[in-house]
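Here's the structure we're looking at; comments come further down.
The first residue in the sequence is number 1, and the count goes up from there.
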Amino acid sequence: MSAAEGPLVVGVDTSTQSTKALVVDAATGRIVASGQAPHTVTNGAGRESDPRQWWDALCTALRQCGEAAHEAAAVSIGGQQHGLVTLDEHGEPVRPALLWNDVRSAPQARRLVEELGGPKAWAERTGSVPGASFTATKWAWLAEHEPEAVRATKAVRLPHDYLTERLTGQGTTDRGDASGTGWWASGAEAYDEETLAHIGLDPALLPRVARPGEVVGTVRDSHDLPFSKGTLVAPGTGDNAAAALGLGLRPGTPVLSLGTSGTVYTVSERRPADPTGTVAGFADARGDWLPLACTLNCTLAVDRVAALLGLDREAVEPGGSVTLLPYLDGERTPNLPHASGLLHGLRHDTTAGQLLQAAYDGAVHALLGALDLALDADADRDTPLLLIGGGARGTAWQQTVRRLSGRPVQVPQARELVALGAAAQAAGLLTGEDPAAVARRWNTAAGPVLGAVERDRSTLERITGVLSDAAPLLERRPETD
């Protein structure tokens, strides 16, 4: 390993499918070592993972980093949001964690919104109208379906909290991840007592919300991770807030992330409160806000359509009037937790490539509609849309986003932005800098800009019309609700 110009830091991304670790030179942003290990997610009605797999994956990923991890002076963890981790008195999981894409709590979400004042009241209090992804609705589902698990629970954590606590021995979270629970009030920046009382969750079970830039502890000696004694631990944050740090995001710059889920967000200095529930009024990891919308069906759903058609994911063809709503796992934006995929407009001359293009169009349509709501009214539409995530380098994704957005599109060359954002947060502990400024110094958002093309409004309008007409079918609830 060549000599680093500054101290080394570790940034971690514990995502739905795997955990990645980067060792980064805090002075330059150069990645000097990396590691990755998978974990499993159940299929079927729910989406669950054993948190102990996350820890094992973290240990494996860090060991792959070798001596560089041992030399690191600070570490931070970015993690998948919303997941419900329940721990017993020994700090062991009571049951597998309910993940963000487990939508079994849709009935509880509807009831919570109705019972605590309706959508407008929720948006004003917490910044968001909770859906089935939110942690509060998952706790309500658990209390209803597994009361014995609730009785055994002595601590409630989010995924990144769980790993941070195993590093330090202290139960902490941050404002960015806490804002996605449904029980954190964005106006007061504190846990909401009314919500917690209503769902029967003792606030003593929750972690302390650390301040941005705070050292939440040091790595304990009681495990075999390759860290030196006294390595500083940052608060960490949710994956989207970490990616915003990793891009060095400034207010008004739009981001579209193409992964298992699709997300659109920006940084804003104004506290969001969308009563329609389309835009979640999340906090960022610095002290500003991160208005965000998320879809459940993005790259994985489109790849599934390609597989069903026997096509390569890039084998799209233009033309035709077919509409495909790829809501294979239900959907969050629009809020249709019981929906399935829907195909309309099929003709004798429709080609397989046109069907695949329609799947891309259907996935991007929901994201762009939400982006218009997430951006402040005075945001500059000429600002390039930052395209990130696993799908960002796919030509079909790039061209679909360009055509349906009518905006210039920039594809940052830096990968693993969640882990880089966590590393920037860790670096900020050592240098005293704003983590977003650290990432800008690292030039993480640099990449080619694809020029704007004329916006394909006819396709957008056609999809909107089909979605509206099919609403009764897409909203139909299973008989078991």
**Message:** Tell me whether Ser49 contacts the main-chain N or O of Thr40 through its side chain, where contact means a donor paired with an acceptor under 3.5 Å.
**Reply:** yes
**Asked** Can any side-chain N or O of Gln64 pair as donor or acceptor with the backbone N or O of Gln36 at less than 3.5 Å?
**Response** yes
**Asked** Of all heavy-atom pairs between Tyr162 and Arg157, which one has the smallest distance, and what is that distance?
**Response** N-CB, 4.2 Å
**Request:** Take the angle between the ring planes of Phe282 and Phe134 and call it parallel below 30°, perpendicular above 60°, tilted in between.
**Result:** tilted
**Prompt:** Under 3.5 Å, side chain of Lys154 to main-chain N/O of Leu87, donor-acceptor pair present?
**Reply:** no
**Prompt:** Looking only at heavy atoms, which two atoms of Pro51 and Pro96 are closest? And how far apart?
**Reply:** CD-CA, 4.4 Å
**Complete:** Which of Leu245, Leu249, Thr237 passes side chain to side chain contact (heavy atoms under 4.5 Å, CB included) with Arg286? It is Leu245
**Prompt:** Under 4.0 Å between a Lys/Arg side-chain N and an Asp/Glu carboxylate O for Arg270 and Asp288?
**Reply:** no
**Request:** Count the heavy atoms belonging to other residues, nucleotides or ligands that lie under 6.0 Å from CZ of Arg304, then report whether that count exceeds 12.
**Result:** no
**Request:** On the 0 to 90° scale, with breaks at 30° and 60°, tag the Trp289-Trp184 ring pair as parallel, tilted or perpendicular.
**Result:** tilted
**Request:** Please lay out, stage by stage, how Lys138 and Leu142 fare under the test side chain to side chain contact (heavy atoms under 4.5 Å, CB included).
**Result:** CA-CA 6 Å; Lys138 298 183 188 306; Leu142 194 66; over 6 Å; no
**Shortest non-hydrogen separation from Gly362 to Ile463 and the atoms involved** = N-CD1, 4.2 Å
**Request:** Under the side-chain hydrogen bond (donor to acceptor under 3.5 Å, both in side chains) rule, what do Ser105 and Thr137 come out as? Steps first, then yes or no, please.
**Result:** CA-CA 6 Å; Ser105 64; Thr137 72; 2.7 Å; yes
**Check: His82 side chain, Gly180 main-chain N or O, donor-acceptor pair, under 3.5 Å** = yes
**Prompt:** Side-chain contact, heavy-atom cut-off 4.5 Å: Asp161 with Thr172?
**Reply:** no
**Complete:** Note: Asp13 and Ala419 closest approach over all heavy atoms is CB-N, 3.9 Å
**Prompt:** Any donor and acceptor pair, going by atom type alone, linking the side chain of Thr218 with main-chain N or O of Leu232 inside 3.5 Å?
**Reply:** no
**Fill in**
Closest non-hydrogen atoms of Val302 and Ala363, given as atom of the first, atom of the second and distance, are CG2-CB, 4.2 Å
**Message:** Between the side chains of Glu146 and Arg151, is the shortest nitrogen-to-carboxylate-oxygen separation below 4.0 Å, so that they form an ion pair?
**Reply:** no
**Message:** Quick check: closest heavy atoms across Ala109 and Ala132, and the distance to 0.1 Å?
**Reply:** CB-N, 3.9 Å
**Request:** Taking Thr173 for its side chain and Pro207 for its backbone only, find out whether a donor-acceptor pair lies under 3.5 Å.
**Result:** no
**Message:** Determine whether a donor-acceptor pair (N or O, by modelled atom type, separation under 3.5 Å) exists between the side chain of Ser128 and the backbone of Gly281.
**Reply:** yes
**Asked** Is a side-chain donor-acceptor pair under 3.5 Å present for Asp274 with Thr276?
**Response** yes
**Asked** So, does Asp88 use its side chain to make a donor-acceptor pair with the main chain of Glu92 at under 3.5 Å?
**Response** yes
**Asked** Could you give the distance from CG (Leu300) to CG (Leu258), rounded to the nearest 0.5 Å?
**Response** 13.0 Å
**Message:** Does Arg415, at its CZ atom, have more than 12 non-hydrogen atoms belonging to other residues, nucleotides or ligands within less than 6.0 Å?
**Reply:** no
**Prompt:** Can you tell which of Arg271, Arg211, Arg125, Arg175 makes a salt bridge (charged side-chain N to carboxylate O under 4.0 Å, His left out) with Glu189?
**Reply:** Arg175
**Asked** Pairs in or reaching into residues 72-82: which pass salt bridge (Lys or Arg N to Asp or Glu O under 4.0 Å), with residues at least two apart or in two chains?
**Response** none
**Request:** Find the distance between CG (Asp239) and CD (Gln81) and round it off to the nearest 0.5 Å.
**Result:** 5.0 Å
**Spacing of Ile77 atom CD1 and Leu167 atom CG [to the nearest 0.5 Å]** = 4.5 Å
**Message:** Any donor-acceptor pair under 3.5 Å linking the side-chain atoms of Thr14 with those of Thr19?
**Reply:** yes
**Prompt:** Do Arg220 and Glu165 meet the salt-bridge criterion of a basic N to acidic O distance under 4.0 Å?
**Reply:** no
**Message:** Quick check for you: to the nearest 0.5 Å, what is the distance between Thr86 atom OG1 and Trp139 atom CH2?
**Reply:** 7.0 Å
**Item:** Atom CZ of Arg313 with >12 non-hydrogen neighbours under 6.0 angstrom
**Value:** no
**Nearest-0.5 Å distance, CG of residue Leu225 to CZ of residue Arg166** = 9.0 Å
**Fill in**
To the nearest 0.5 Å, atom OG1 of Thr295 lies from atom CG of Asp329 at 10.5 Å
**Side-chain (Ser261) to main-chain (Leu296) donor-acceptor, under 3.5 angstrom** = no
Only pairs under 3.5 Å count here: list side-chain donor-acceptor contacts from residues 111-119, not counting sequence neighbours, and write none if there are none.
{"from": "Arg111", "atom 1": "NH2", "to": "Glu144", "atom 2": "OE1", "distance (Å)": "2.5"}
{"from": "Glu115", "atom 1": "OE1", "to": "His198", "atom 2": "NE2", "distance (Å)": "2.6"}

**Request:** Tell me yes or no: between the side chains of Gln17 and Thr260, is some donor less than 3.5 Å from an acceptor?
**Result:** no
